[in-house]
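Shown next, in structure tokens, is the structure this report addresses.
None of the values given here were measured: they were computed from a predicted structure. Just the heavy atoms: all of them, side chains too, but no hydrogens, waters or symmetry mates, feed the values below.
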Amino acid sequence: MTRFIRWILGLTAAALVTYVIGTALNSQSVIAMHDISVSIGDRLNMTLFDISNMVAYLAIIAIALLIGFLIATLLKRFLPNLARVAYPIAGAAAMAVVLGAMYMVFQTIPISGARSTMGFLSQAIAGGIGGWVFARIAVQPAKSVTPA
């Protein structure tokens with residue numbers, strides 16, 4: 001598989017994973033903010049509803065991760081020791097930056113579950129997991145030479 005195709009597949013998978021995890025964590029955070037008892041069925045229903053209806057957030061995540069992964073790819077060339085953690089850090093940073101940018105533009109974070117510290121961190125962690133997924137798919141491991 002060519003490097004470009006692996007990169008695009010990795011970005012797509014990373015965006016989807018980040019979106020699903022981030023949206024699910026957002027749903028649970030919103031429920032927790034209301035401090036009421038909610039059944040597991042209702043939690044699952046709300047989570048699935050949010051995943052199927054927050055598609056604009058998926059587009060924002062994909063763009064943020066694209067920019068973050070491009071920057072990480074460049075930085076890896078100059079800082080080879082960073083290579084192993086470059087993409088998870090880039091994914092987490094991309095999510096933090098995009099939420100910060102939303103706050104700067106709207107004077108609030110439209111992703112309501114990310115308004116608390118834990119909610120914000122959960123979105124960054126979702127981006128970090130997405131970065132790990134990207135690295136597993138897009139980055140070809142270095143070929144090791146074994147002596148004969």
Side-chain angles (χ1 to χ4, degrees), residues 1-33 40 43-148:
M1 198 174 345
T2 68
R3 177 191 280 169
F4 178 74
I5 292 173
R6 276 195 330 267
W7 218 90
I8 296 300
L9 288 175
L11 177 62
T12 302
L16 287 171
V17 166
T18 301
Y19 173 69
V20 169
I21 292 172
T23 304
L25 291 172
N26 174 65
S27 300
Q28 300 315 305
S29 181
V30 169
I31 291 170
M33 282 184 214
I40 296 294
R43 285 178 181 272
L44 181 60
N45 188 34
M46 180 177 172
T47 302
L48 293 175
F49 179 84
D50 285 350
I51 289 171
S52 65
N53 286 288
M54 291 178 65
V55 183
Y57 191 40
L58 174 59
I60 292 166
I61 288 170
I63 293 166
L65 292 179
L66 171 64
I67 295 167
F69 295 158
L70 286 172
I71 293 169
T73 300
L74 291 173
L75 285 176
K76 274 183 13 171
R77 293 177 192 243
F78 301 106
L79 303 167
N81 293 336
L82 181 68
R84 190 168 259 184
V85 294
Y87 295 113
I89 289 172
M95 291 303 293
V97 167
V98 82
L99 291 171
M102 285 179 181
Y103 182 79
M104 289 171 50
V105 170
F106 302 116
Q107 297 303 303
T108 188
I109 298 175
I111 309 306
S112 58
R115 291 179 189 155
S116 69
T117 302
M118 285 306 296
F120 185 89
L121 290 174
S122 72
Q123 297 302 300
I125 289 168
I129 294 169
W132 179 81
V133 168
F134 176 81
R136 299 289 295 173
I137 295 171
V139 179
Q140 190 169 11
K143 295 180 181 177
S144 61
V145 178
T146 57

Measuring from atom [atom1] of [X] to atom [atom2] of [Y], what distance do you get when rounded to the nearest 0.5 angstrom?
| X | Y | atom1 | atom2 | result |
| --- | --- | --- | --- | --- |
| Trp132 | Ile89 | CH2 | CD1 | 16.0 Å |
| Leu16 | Leu11 | CG | CG | 9.5 Å |
| Arg77 | Leu75 | CZ | CG | 11.0 Å |
| Ser122 | Ile21 | OG | CD1 | 10.5 Å |
| Ile8 | Arg3 | CD1 | CZ | 13.0 Å |
| Leu58 | Thr18 | CG | OG1 | 9.5 Å |

Worksheet item: Are the side chains of Met54 and Ile111 in touch, meaning some heavy atoms are under 4.5 Å apart?
Response: yes
Worksheet item: Is the shortest heavy-atom distance from the side chain of Trp7 to the side chain of Leu66 under 4.5 Å?
Response: yes
Would a distance-only check, ignoring hydrogens and angles, find a side-chain to backbone donor-acceptor pair under 3.5 Å from [X] to [Y]?
| X | Y | answer |
| --- | --- | --- |
| Ser29 | Leu25 | no |
| Arg115 | Ile109 | yes |
| Thr23 | Val20 | no |

Worksheet entry | Criterion side chain to side chain contact (heavy atoms under 4.5 Å, CB included) on Ile67 and Val97, from CA distance to verdict | CA-CA 11 Å; Ile67 295 167; Val97 167; over 6 Å; no
Worksheet item: How about Met118: does its CE atom have over 12 heavy atoms from other parts shown lying under 6.0 Å from it?
Response: no
Practice prompt. Answer yes or no: does atom CZ of Arg43 have more than 12 heavy-atom neighbours from other residues, nucleotides or ligands under 6.0 Å?
Written response: yes
Please name the pair of heavy atoms, one in [X] and one in [Y], separated by the smallest distance, quoted to 0.1 Å.
| X | Y | value |
| --- | --- | --- |
| Val133 | Ala14 | CG1-N, 4.1 Å |
| Ala124 | Met95 | CA-CB, 4.0 Å |
| Gly113 | Ser116 | O-OG, 4.0 Å |
| Ile137 | Ala13 | CD1-CB, 3.5 Å |
| Leu99 | Ala114 | CD1-CB, 4.0 Å |
| Ile61 | Ala15 | CG2-O, 4.0 Å |

Item to complete: For the pair Phe69 and Phe134, name the ring-plane relationship: parallel under 30°, tilted 30 to 60°, perpendicular over 60°.
Response: parallel
